[in-house]
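Here the structure comes first, spelled out in structure tokens, and everything after it is commentary.
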Amino acid sequence: MRLAGFHPVLALHGSAALEILDETVDLILLDAEMPLTNGFEFAEQVRGDPRHHHVPILMISGSSENGARQRAFASGVNDFIVKPVDAEELGLRARWLVDLKRSYDRLMEHGQQLKEAALVRNRRLTAAQAEMRAARNHTEAAHLETISRLTIAAEAKDSETALHIQRIGAFAEILANGLGLDAGFTRMIGRAAPMHDIGKIGVPDHILLKPGPLNADEWQIMRTHAEMGGQILANSPSPVIEMAERIARNHHERWDGLGYPSGQKCEDIPLEARICTVVDVFDALTVERPYRRALSSGMALAMMKEEPGTHFDPMVLDGFLQVLVRILEVGENLHG
């Protein structure tokens, strides 16, 4: 065997062989008949150990019966030679099995290298994705801060406070939750709804701050704030600002189609705008304005209840009534 390029390690019986069996062994050559543990039992023990299940086993046997051969293969033996053994044949079969095992080892090593490389790539990809998310969140936060400042500026021109902005966001979020909308939508409308009147920043002060009723021409100019708000918020990559655009553009549409700027009706009006319409009207009615006194929540609700199916989406208005207690609690904390 040495002449064939092998370096054998000898064991007198199966138990001794198991003690010296390690990852350096490329081939197990055994006799079917061995002391203590026969060759078949030893092969089964090797195959039962996951550390050595891939090591090839070559069995030599004095029996040429098919039963012995079949038992050998059933025990996990890879090749079977009947005595008397031809040294050249034994060397060829051993070399083939060793080459097969070393090819398997190289394949496993390559597979491990690929696995490790994949883990490195995945870690890098995960890190890159985290950086992208952080950058996207930073950009969105910057967008939202800019829009928030514009919104505050617009509301300040209208003699209202930043608390109105907070109330609209809080009310819209409460109502969306009460309607059973998913958490993502609910959180988003809470951030988007405060931008509903951002278009007022483009309305002249003498119209926006007029203490009395507007004439027809002034009212026509005032109405432009919805379309203007949509234009200010248009073409943003931020989902929040995209929703805010739909709200700004459509929160003065009516369920019956008599609203502005487009005269949309019923479910053609985006749901987020229908929600904002209800909470915005309620807040507007219950807040003191230069040209009228604030109404009580009871009076405001009585007026609004007269308009389901005309001004308001009946389902949204009903949902508003269901969460009214919570609306009033939050509103109490957000009034200056």
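Residues: numbered from 1 along the sequence shown. Because the structure is predicted, anything quoted here is derived from the model rather than measured.
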Full working for salt bridge (charged side-chain N to carboxylate O under 4.0 Å, His left out) between E329 and R326
CA-CA 5 Å; E329 288 176 351; R326 180 61 180 155; 3.4 Å; yes
A side-chain contact here means heavy atoms from C-beta on lying under 4.5 Å apart; do [X] and [Y] qualify?
X    : Y    : value
I81  : S61  : no
K101 : L27  : no
V46  : I57  : yes
W219 : I207 : no
L233 : E242 : no
L324 : F320 : yes
D283 : I168 : yes
N177 : V323 : no

Reported [atom1]-to-[atom2] distance for the pair [X] and [Y], which is rounded to 0.5 angstrom:
X    : Y    : atom1 : atom2 : result
D105 : L100 : CG    : CG    : 10.0 Å
D31  : L58  : CG    : CG    : 10.5 Å
N38  : R71  : CG    : CZ    : 5.0 Å
I247 : D197 : CD1   : CG    : 11.0 Å
Q166 : F171 : CD    : CZ    : 11.0 Å
I201 : I198 : CD1   : CD1   : 6.5 Å

Heavy atoms only: give me the nearest [X]-[Y] pair and the separation to one decimal.
X    : Y    : result
L90  : L29  : CD1-CD1, 4.1 Å
G319 : L175 : C-CD1, 3.5 Å
F40  : A68  : CE2-O, 3.6 Å
L97  : P56  : O-CG, 3.6 Å
L21  : I28  : CD1-CD1, 4.0 Å
I269 : W255 : CD1-N, 4.2 Å

Thinking salt bridges, do K265 and E253 make one under a 4.0 Å N-O criterion?
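No salt bridge links K265 with E253.
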Does the distance from a Lys or Arg side-chain N to an Asp or Glu carboxylate O, for E218 and K210, drop under 4.0 Å?
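Looking at E218 and K210, the cut-off is met.
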Keeping the roles fixed (side chain from [X], backbone from [Y]), state whether a donor-acceptor pair exists under 3.5 Å.
X    : Y    : answer
R167 : G331 : no
R254 : G259 : no
H53  : P50  : yes
N122 : A118 : yes
S75  : V77  : no
S262 : Q264 : no

Would you list the pairs meeting salt bridge (charged side-chain N to carboxylate O under 4.0 Å, His left out) in which at least one residue belongs to residues 107-132, sequence neighbours left out?
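Listed by first then second residue: nothing to list.
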Step through the shown structure and confirm whether more than 12 heavy atoms of other residues, nucleotides or ligands are within 6.0 Å of [atom1] on [X].
X    : atom1 : result
M108 : CE    : yes
E41  : CD    : yes
M315 : CE    : yes
E267 : CD    : no
E89  : CD    : yes

Is [X] linked to [Y] within one hydrophobic cluster, defined over Ile, Leu, Val, Met, Phe, Trp and Tyr using a side-chain heavy-atom separation of less than 4.5 Å?
X    : Y    : value
M303 : L301 : yes
M299 : F282 : yes
M304 : L258 : no
L328 : V330 : yes
F73  : L30  : yes

Cation-pi, F80 ring and R69 (6.0 angstrom, 45 degrees)
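Output no; distance or angle outside limits.
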Output field: ring centroids H196/H252 closer than 6.0 Å:
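No, the ring of H196 stays outside the 6.0 Å limit from the ring of H252, centre to centre.
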Donor-acceptor pair between H52 and D22 side chains, under 3.5 angstrom:
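No donor-acceptor contact under 3.5 Å links the two side chains.
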From CA spacing to verdict: side chain to side chain contact (heavy atoms under 4.5 Å, CB included), Y260, E227:
CA-CA 9 Å; Y260 64 89; E227 186 65 34; over 6 Å; no
Reference residue R93; test side chain to side chain donor-acceptor pair (under 3.5 Å); the match among D86, D79, N78:
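Of the listed residues D86, D79, N78, the side chain to side chain donor-acceptor pair (under 3.5 Å) partner of R93 is D79.
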So which pairs with a foot in residues 296-318 pass side chain to side chain donor-acceptor pair (under 3.5 Å), sequence neighbours left out?
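Checked against side chain to side chain donor-acceptor pair (under 3.5 Å) - neighbours excluded - the pairs reaching residues 296-318 are R274-D313.
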I275 and L179: CA distance, side-chain angles, deciding distance, side chain to side chain contact (heavy atoms under 4.5 Å, CB included) verdict
CA-CA 10 Å; I275 291 172; L179 292 172; 3.9 Å; yes
